[in-house]
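Keep in mind that what you see is a predicted model, and the values were worked out from it rather than measured. In this chain, residues are counted from 1 in sequence order. Hydrogens, waters and symmetry mates are skipped; everything else that's a heavy atom, side chains included, is used.
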Amino acid sequence: MTEVKKEVTPEEEKLTIRDISIAAEAQTKQGDTFYLITQRWWQEWLEYVNQNQANTLNDGSTSEHCTGGSSALKRPSSIDNSDLIYEATSGDSSAGIDLHDTLVEGTDYILLPQEVWNQLYEWYRGGPILPRKVINSGLSQTELAVEVYPLRLQLHLMPKDERSTIRISKKETIRQLHKKACEIFSLIPELVCIWDYFNHQKHALMNDMDKTLDDANIQMDQDILVEVANGNSAGGVNSFHENGTADNGTVALVKPSQPNFSNAEGLSLSKGSTRNGTAELSQSQQLASSGTDKTYGNSGVSTRGSACGLTGLLNLGNTCFMNSAIQCLVHTPEFARYFREDYYQEINRQNPLGMVGELALAFGDLLRKLWAPGRTPVAPRPFKAKLARFAPQFSGYNQHDSQELLAFLLDGLHEDLNRVKHKPYIKSKDADGRPDEEVADEYWANHIARNDSIIVDVCQGQYKSTLVCPVCNKVSVTFDPFMYLSLPLQSATTRSMTVTIFTCDGSALPAACTVTVPKQGRCRDLIQALGNSCSLKQNEKLMLAEIRGHLIHRFLEDPLISLSSIKDDDHLAAYKIPKSIKNSKFLQLIHRREEREIGISQSIVGWKPYGTPLVSPICCDDVITRGDIQLIVHRMLSPMLRTENPGFNCVSRSKTAAAAANAPRLATSSEACVDSSLANDDPRHKDVPSSKLVNLEKLPLQLVDENNACIDLTVGEDKSVKLSSSSVSILVFADWSQKLLENYDTRYIENLPEVTKYGPATKKARTEPLSLYSCLEAFLREEPLVPEDMWYCPTCKERRQASKKLDLWRLPEVLVIHLKRFSYSRSMKHKLETFVNFPIHDFDLTKYVANKNNSRRQLYELYALTNHYGGMGSGHYTAHIKLLDENRWYNFDDSHISPINEEDVKSAAAYVLFYRRVKTDHHHSVSNGTVTSAGQQSISLRK
């Protein structure tokens, strides 16, 4: 290990890294560098820097002896990231280093901001250094993500037939890829052009030099053709058609200095033009003319007496999320019928929002294989390749969210099959007091004029959105389409937490405070809520601590600690302390009382901790005497002093407080914990000395010194106290005799309440499962918009935090319901394990439909659902599906399919539910036309 220049204590290391991390996280932006560090080394370092906290606990946990402790942990050796890469490489260079393909963040490695890495590297050195860039990601390109795995591309040089593998960021441009290819093969740039060589076919000429590889849909492990011209071509770039063929049969020359710019809408050629159209048409014709359709006929899906519909999907590596979603769609009867008939005539190859029909063709081909006779599992590799091609977020072999995939598939299939080839521009109008029915039908007609496909015929509905301005009461009503409902698990979004507030200046009695915080929030959320509730002053702050066994188990100093780490039966205390106290330590007053053996002699066994520790800061600039500590403790205990105590040598509580308030070493003069002005202004206290124990009974206190020895503080009032230089805490034991307990009302420090106390009524409520109806009601409930989504009021001409109310207006034939089990933040992912009691039969939504002109009952029946088991990174997806003709449920677990009982369908793993309408006697059409998706924006119904 390399020696550090300056000796740094574990506590200093922890505080330094914490402060740097908080500052860096708040300023992260695109282009910043993060560094991978192995989880194994990071965990070792965490244990090392937190050892003082553990030692403090050991020091204070003894009952009869004040000595003890644990041996110090060794400082970690240099950083060793060798377990993250294929071949251990020493040195500081990261060139040529390749990560293992299956690493999981939080399990194998963590990501550190550059500033944190630089500090750790200065202390520890080591390597290999593994830097990665922050890029924009997501559909809106506004989410920040660290590109842990840059693209790995296979370069094929023609006509020499040489190959080379390179790593390059997906955010690099085609120009940069062109330059790298020329450098690798030592080529003249003016004579080189590069092709998207997907599936070893010339897919598209990569001549838009300023387009990023991400925008060009280049995927991991994709092939790139590097073609060298013979120099005799005169065709140039303009000689090429969009499909990559040249008029004169020669290779076009792409000059890096003269890029071709994309069109104004920024659409990729891969989505806006036909690729190899003739070949695909002939393939479609072959499919349409094959005997496949004759096998099934036009009577719909039939599984009785055959093995049709019971074909599994092979797991290609963490593809269970895809397999479960596909099986649910494949077993939707309307889709099974449609994709087994001649749907090719409805493919929209000109739709710039679609995938040139390729996604629909790939899905249709996969569906036919899954409904073919036999039960040999199918490997969905062609579909996975198309999926990665058009949805880069699902590329690779990491686990993904099946609901996000489902949203993409429904919208992508709709756009590929949209019967509207040229969408008219239609400007929507406000309601302006017109009847809801008239406005809803107008919105619906406008929507289907632009969108018309089988997907929306089956899956799309309409909801009413009402916004009310809180200032002028302007009401805005719109009617928007939805593809599925995302329902919150209402009972699990917030959490009530009870914390007892203690003062350090004796100004108030301890008081329990109950606040409501986000269940997946952090300690800073809890501290902020407590501060608001207890009227925290500007010069005060709260120090949160977990109490176990009547001792401080840990201080929750890190504001980013997840509240999920605090259990319902834990005990928390919050201590009010001054904000700015320099060169100080914290006095921890640990209460102990006599523990007697039950018997005739009633002999004392020993002193045992009880109650809740009290905390007060002490300034270390001057010498601290035993008398000073007596004064401080008197002040801390003064609120509990009984007013009438004939046997206690004390004039009054106010005099005790006055004497204690003048203790000179409690904090800095400007930020003293106690407001002594009141005591000093009282003429009764003018004669109270500031540094002597006058008329105050000496309390039975024992100080734990730096050698873990106990010092009696009842004698030697003026003797100085030698404090430990390595510990931030001063431990003082208060031994409560029976006589002393008569003078103080100590019930305020006893029986610290649990974080969440469940009474009989609450326990009963907890045992009742959350109903799917309750989730729907929570979703439809009126609530104010969040500040970042404030609405522009056309009357006020300002942005307002309007109230929003959603109502269901018309429902689709197939209703897809997503239970919002997952929540995401920049560095954390959470899963809610709440059991939701959802109906399998007779899911009645009649009363939730605002359109009262529709008189029929809105009944639905469950026929499929996806399940998610386990945690975020290592979870597993399955599907439960009912074969309707057999009236029997099956479990689809990748390639394994087995029958299950209907009562086994319900579980806490249920994630996405598929309901189909039950035909009633009063059945009539929901709409006068078909429904279609208006693009990605209208897929998700979010509040």
Side-chain angles (χ1 to χ4, degrees), residues 300-313 320-321 323-337 370-371 375 377 402-403 406 458-459 484-485 487 489 767-776 811-819 821 832-846 848 857-870 875-920:
V301 179
S302 175
T303 60
R304 190 180 302 277
S306 70
C308 295
L310 293 177
T311 302
L313 288 166
C320 56
F321 76 97
N323 293 348
S324 60
I326 288 175
Q327 291 286 14
C328 289
L329 290 179
V330 161
H331 287 84
T332 298
E334 292 83 351
F335 295 159
R337 184 181 305 112
L370 292 176
W371 278 105
R375 298 187 62 171
S402 70
Q403 183 271 333
L406 182 68
V458 175
C459 290
Y484 56 84
L485 302 180
L487 304 187
L489 305 190
T767 59
E768 295 175 358
L770 181 65
S771 164
L772 185 61
Y773 290 107
S774 299
C775 296
L776 180 61
L811 296 175
E813 292 301 304
V814 169
L815 179 63
V816 181
I817 294 180
H818 162 225
L819 302 178
R821 293 197 178 277
L832 305 176
E833 301 284 356
T834 308
F835 174 78
V836 178
N837 186 19
F838 51 90
I840 296 178
H841 304 284
D842 298 330
F843 182 33
D844 193 350
L845 297 176
T846 307
Y848 299 102
R857 291 186 67 191
Q858 306 287 334
L859 283 180
Y860 284 83
E861 178 182 46
L862 186 75
Y863 72 93
L865 70 152
T866 64
N867 302 296
H868 182 271
Y869 302 92
H876 181 62
Y877 286 95
T878 67
H880 292 337
I881 294 172
K882 183 179 184 180
L883 293 190
L884 299 179
D885 286 348
E886 290 187 7
N887 195 30
R888 187 174 186 181
W889 284 91
Y890 289 87
N891 177 47
F892 286 71
D893 186 354
D894 289 330
S895 58
H896 305 287
I897 299 175
S898 56
I900 57 172
N901 296 322
E902 186 171 274
E903 55 266 26
D904 296 328
V905 169
K906 294 184 182 182
S907 76
Y911 185 36
V912 181
L913 310 174
F914 290 75
Y915 284 94
R916 65 193 306 263
R917 186 187 297 278
V918 176
K919 301 298 186 290
T920 60

### Task
May I ask you to decide if L770's main-chain N or O and S774's side chain share a donor-acceptor pair within less than 3.5 Å?
no
### Message
Minimum heavy-atom separation for G875 and H868, please, with both atom names.
### Response
CA-NE2, 3.7 Å
### Message
Quick one about E902 and H841 (side-chain donor to acceptor, distance below 3.5 Å, no hydrogens or angles considered), yes or no?
### Response
yes
### Query
If you look at every heavy atom in F335 and C459, which pair is closest and at what distance?
CZ-SG, 3.7 Å
### Query
Quick one: which of Y890, W371, Y863 gives a ring-ring contact (aromatic ring centres under 6.0 Å, His included) with H331?
W371
### Audit row: L811, L845, side-chain contact (heavy atoms from CB on, under 4.5 Å) steps and yes/no
CA-CA 9 Å; L811 296 175; L845 297 176; 3.8 Å; yes
### Task
Output the distance between atom OG (S898) and atom CZ (F892), rounded to the nearest 0.5 Å.
9.5 Å
### Query
Hey, would you say the F838 and F843 ring centroids sit under 6.0 Å apart?
no
### Message
How close do G312 and I897 get, counting heavy atoms only, and between which atoms?
### Response
N-CD1, 3.5 Å
### Query
To the nearest 0.5 Å, what is the distance between CG (L406) and CZ (F321)?
12.0 Å
### Query
For L913 and V836, what are the C-alpha separation, side-chain angles and deciding distance, and is it a side-chain contact (heavy atoms from CB on, under 4.5 Å)?
CA-CA 11 Å; L913 310 174; V836 178; over 6 Å; no
### Task
Report yes if the side chains of P377 and L313 come closer than 4.5 Å at any heavy-atom pair, otherwise no.
no
### Message
Could you report the tightest heavy-atom contact between L862 and W889, atom names first, then the distance?
### Response
O-CZ2, 3.6 Å
### Summary
Rounding to 0.5 Å, atoms NE2 (H880) and OG1 (T866) come to a distance of 10.0 Å
### Task
Indicate the ring-plane relationship of Y860 and Y915, choosing parallel, tilted or perpendicular according to the 30° and 60° boundaries.
perpendicular
### Message
If I take atom CZ from residue F914 and atom CG from residue L815, how far apart are they, to the nearest 0.5 angstrom?
### Response
10.5 Å
### Query
Applying the side chain to side chain donor-acceptor pair (under 3.5 Å) test to N867, which of T878, N891, D893 qualifies?
T878
### Query
Are any side-chain N or O atoms of T332 and backbone N or O atoms of E334, one a donor and one an acceptor, separated by less than 3.5 Å?
no
### Task
Report the C-alpha separation of D844 and Y773 in whole Å, then their side-chain angles, then the decisive distance to 0.1 Å, and conclude whether the side-chain contact (heavy atoms from CB on, under 4.5 Å) test is met.
CA-CA 9 Å; D844 193 350; Y773 290 107; 4.1 Å; yes
### Message
When you measure from the side chain of N901 to the backbone of E903, do you find a donor-acceptor pair of N or O atoms at a distance under 3.5 Å?
### Response
no
### Query
Which word best sums up how the rings of Y877 and Y911 line up, parallel for under 30°, tilted for 30 to 60°, or perpendicular for over 60°?
tilted
### Query
Under 3.5 Å, side chain of Q327 to main-chain N/O of T311, donor-acceptor pair present?
yes
### Task
Give the C-alpha distance, both sets of side-chain angles, the deciding distance and a yes or no for side chain to side chain donor-acceptor pair (under 3.5 Å) between Y484 and Q403.
CA-CA 10 Å; Y484 56 84; Q403 183 271 333; 2.8 Å; yes
### Task
State, with a plain yes or no, whether a side-chain heavy atom of L776 is found less than 4.5 Å away from one of L485.
yes
### Task
Apply side-chain contact (heavy atoms from CB on, under 4.5 Å) to the pair L487 and I817, showing each step before the final yes or no.
CA-CA 7 Å; L487 304 187; I817 294 180; 3.6 Å; yes
### Query
Looking only at heavy atoms, which two atoms of V330 and A336 are closest? And how far apart?
O-CB, 3.6 Å
### Query
Are T846 and L859 side-chain neighbours, meaning at least one heavy-atom pair lies under 4.5 Å?
no
## Note on the structure
Closest non-hydrogen atoms of A325 and S402, given as atom of the first, atom of the second and distance, are CB-O, 4.2 Å
### Query
Can you check whether N837's main-chain N or O pairs, donor with acceptor, with K906's side chain at less than 3.5 Å?
no
### Salt bridge flag under 4.0 Å for residues E861 and K882
yes
### Message
Quick check against the 3.5 Å criterion: does R821 have a side-chain atom that pairs as donor or acceptor with the backbone of A910?
### Response
yes
### Message
Test your reading of the model: is there a side-chain donor-acceptor pair from R917 to the backbone of P812, 3.5 Å cut-off?
### Response
yes
### Query
So how far is it from L310 CG to L883 CG, rounded to the nearest 0.5 Å?
5.0 Å
